[in-house]
Amino acid sequence: MAKEHDERDTIEQQSESGADRREFMRGGLVIGGSLVGSAALGCFAQDDQNPSPERAAVLEHVAQNKVDVAPGELDDYYGFWSGGQSGEVRIVGVPSMRELKRIPVFNRDAATGWGADDFSKALLGGRQSGDTHHVHLSYTDGTYDGRYVYVNDKASARLARIRCDTMEVDRVTDIPNSQGTHGIFPQRHKTGLVLCNAEFRTPQANDGRDMDDPSKYGAMHTAIDGETMEVKWQVLVEGNMDLCATDYEGKYSFATCYNSEGGVNLEGMMAAERDHLYVFNLAAIEAAVSEGKTIRVGDSPVPVVDARGADGPYVLRVPIPKSPHGVNIDPTGAYAVCAGKLSPTVSVVQIDKLDAAFAGQIKPRDAVVAEPEVGLGPLHTAFDGRGNAYTSIFIDSVVTKWNIAKAIEAYGDETVDPILQKIDVHYQIGHINASMSETKDADGQWLIALCKFSKDRFLNVGPLHPENDQLIDISGDEMKLVHDGPTFPEPHDAVVVPRDLIHPSKIMLRNGPRFELYDKMAEEDGVDLMSASQVIRKGPGKVRVYIVGAAPVFSLTEFRVKSGDEVQLVVTNLDAVEDLSHGMCVSKHDVNFLVNPQDTKSMTFTAGAPGVYWYYCPWFCHALHLEMRGRMIVEA
Ligand code: CUK
Ligand code: CUA
């Protein structure tokens, strides 16, 4: 991990920029005061006795507990927010709660051309929408390694990966035999598997069979390799699966199930008093896969372990009241906390009892060691690294802070009250997350409350109100609400990561699948992308046009094609200066895409009726930006 960071640091230093120097100076200025701050905090797991200038700055800032980030100052944390129906991921600065970036993922994004340029269009199979709920970063040794962000698409059952060095999607995986891919979670001991839950039960295979017999439907728990993004295996279970979690050791993955009944309407899904937490025994599953004790479902080549029915070597069902939603693992790795949704309780499952439950020595339910009442409609739980848990309560619109050890004591001793505080949030909270909550380095500084309704908290902007993402200070004994953050619908989940774990490049890195595509194209045409400036006829009705741009000119100020030609426009930005993005917009052809410094992008379109069409750079790049244009001359 350290080595990779070093490599990236080198890349950053090579990109010599004003902001690099500013960050460096800022770190240098505060280092003197930082040791006081870090001693007082004592909760960062990294080497705080000898902090890097970057981390020293973070510690200093956090110690002062500053909410306001003044003009020119930087946030202490990166927040990665999902974007819900927008299909995107957003980067939000914490604690300022300023939206820093939108990363298009499953959506067609007009600003960047994502979903329409050749690479992303192929990656998304031409689909233009998605529904992102859960974002998680890749791990090494129980904490974030700053390499990748994974995000689900509930709409089309896909998993996408964002590279943290370029903050762009490089892979999208279609998940077979699944609908409603909802909870996802990467393994935490290393960048290993990413587990993905199908929320919707479907016929297996879904090829026209069993359509009117829901008792035969099932759902897949899918393992995707976090490095290659290939689907490794699936486990078929009878109930549905909602949220997902992994332990810290690589032994288990977890899925909540709110429809153990197999209902297909509301009444049916709510019938049972208890549903369950599925516990997946990964070693047993992988042994079955390697021994070929698997089935094939439909056209998919992916091996499937059939674990429908009763508990067995692969899957254990821990009874949980009632229609549980979130499952979160505490930072010590000892407990899985399941939120009851229709029960006012959270159930605490002691993970080291699960081996005995798999062996039949104890009942699965005996792994539940606490079940405190937290309020009406508990959904998700975050942790502060000091033994406390924070559960979002949807119906009551509160966050309930409770102590895990006290809750275990209270299980069977009613005189003990594990509830420490309830704070109002505004309103109807869904997810909740704390800084580094999903890692062993939970630092107990900030809590993000993602509220679904904002009602009266902002100026009325019409029927579609913003969401309200609230910031709560949890560094002291009491939770304090410190900020309201309106967001465009609908981030479901967020993770908050100290800024020194993330090292994006300031100019494009010319590697990865997109550049494999362009390097191959250039080789085929015998051109150098960094200087190619020509029109190549690829066959009847097919033209490829190479253009390079350097502020404020394109290398071609005109090119000629024939009406009806399929034109592939390949544009390279030669500028290697941060912020100096160009783009390519062709009038009246629905062609408009971003080309970042040192980037190459392409888009393919059909040349329209004969005439002159100006193409231009749509990104403000130079005093002569408006002059950065040329003519596409379409001949009959
Ligand atoms: S789900 Cu949205 S509030 Cu999709 Cu994570 Cu719980
Ligand atoms: Cu290049 Cu504007």
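Order of appearance sets the numbers: ligands from 1, and atoms from 1 within every ligand.
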Is the backbone of [Y] close enough, under 3.5 Å, to the side chain of [X] for a donor and an acceptor to pair up by distance?
| X | Y | answer |
| --- | --- | --- |
| N259 | G239 | no |
| T439 | D441 | yes |
| N596 | M508 | no |

- Task: For K401, enumerate each residue passing the side-chain hydrogen bond (donor to acceptor under 3.5 Å, both in side chains) test, keeping only those at least two apart in sequence or located in another chain.
- Result: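 Applying side-chain hydrogen bond (donor to acceptor under 3.5 Å, both in side chains) to K401 gives none.
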- Message: More than 12 heavy atoms of other residues, nucleotides or ligands under 6.0 Å from CG of D528: yes or no?
- Response: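 Enclosed: over 12 neighbouring heavy atoms sit under 6.0 Å from CG of D528.
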- Query: Taking everything shown except F488 itself, do over 12 heavy atoms lie less than 6.0 Å from its CZ?
  - Reply: no
Atom indices of ligand 1, in the order listed, that fall short of 4.0 Å to a heavy atom of [X]:
| X | answer |
| --- | --- |
| H325 | 1 (S), 6 (Cu) |
| H182 | 1 (S), 4 (Cu) |
| H134 | 1 (S), 4 (Cu), 5 (Cu) |

- Item | Step-by-step ring pair (Phe, Tyr, Trp, His ring centres under 6.0 Å) determination, H133 to H431 | CA-CA 10 Å; H133 285 223; H431 269 277; 8.3 Å; no
- ligand 1-proximal atoms of K154, by part, heavy-atom distance under 4.0 Å: neither
- Item | For Q179, side-chain contact (heavy atoms from CB on, under 4.5 Å) partners two or more places apart | F200, T202, N206
- So is R510 actually on top of F515's ring, under 6.0 Å and inside 45° of the axis?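 No, a cation-pi geometry is absent between R510 and F515.
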- Item | Residue and atom, protein N/O/S, under 2.8 Å of atom 1 (Cu) of ligand 2 | H582 ND1, C617 SG, C621 SG, M628 SD
- Query: Considering E490, Q428, K341, H380, which one's heavy-atom position lies nearest to atom 3 (S) of ligand 1?
  - Reply: H380
- Taking the six-membered ring for Trp, are F254 and Y278 ring centroids under 6.0 Å apart? no
- Query: Any chance the rings of Y150 and H136 have centres within less than 6.0 Å?
  - Reply: no
- At a 4.0 Å cut-off, with the gap strictly under it, does some heavy atom of K452 reach an atom of ligand 1? yes
- D493 and H134: side chain donor to acceptor below 3.5 Å: no
- Item | Environment of atom 2 (Cu) of ligand 1 in terms of protein N/O/S atoms, cut-off under 2.8 Å | H492 ND1
